[in-house]
Amino acid sequence: MRDGATTTPWFDYWLATPDELRAAVAESAWTLEALERDPAGPGYIARLRC
């Protein structure tokens with residue numbers, strides 16, 4: 001986490017797999033509207049809506 005100049009050992013971003021992201025939003029107010037995969041690698045962009 002980061003707060004101004006203070007940092008902790010935690011990483012700033014959650015690097016979830018698409019399946020982990022689907023599971024995380026399954027029982028929440030969020031819906032996964034789109035998931036676009038990077039054809040050149042393992043990355044993706046997710047569009048969430050609440």
Side-chain angles (χ1 to χ4, degrees):
M1 290 192 338
R2 207 178 286 269
D3 180 22
T6 305
T7 61
T8 69
W10 288 90
F11 190 65
D12 289 340
Y13 300 100
W14 177 40
L15 301 176
T17 66
D19 288 338
E20 290 171 328
L21 182 58
R22 284 184 192 97
V25 300
E27 296 188 25
S28 73
W30 293 91
T31 56
L32 179 60
E33 286 200 335
L35 191 122
E36 299 175 28
R37 293 185 176 269
D38 180 354
Y44 66 87
I45 294 175
R47 186 171 61 231
L48 300 168
R49 182 173 297 241
C50 184

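The figures here come from the full heavy-atom set of this structure, side chains too, leaving out hydrogens, waters and symmetry mates. Small disclaimer: the values here were computed from a predicted structure and weren't measured.
Between Y44 and A16, the shortest heavy-atom distance links the atoms OH-O, 2.6 Å. Taking all atoms of both residues into account, the shortest heavy-atom contact from L21 to A46 is CD2-CB, 3.5 Å.
Applying the 6.0 Å contact sphere to CD of E27 captures no more than 12 heavy atoms from other residues, nucleotides or ligands. Counting non-hydrogen atoms of neighbouring residues, nucleotides and ligands closer than 6.0 angstrom, the CZ atom of R37 reaches no more than 12 such neighbours.
Linking ILVMFWY side-chain heavy atoms closer than 4.5 Å, directly or via other members, places I45 and L15 in two distinct hydrophobic clusters.
The shortest side-chain heavy-atom distance between L48 and L32 falls under the 4.5 Å cut-off.
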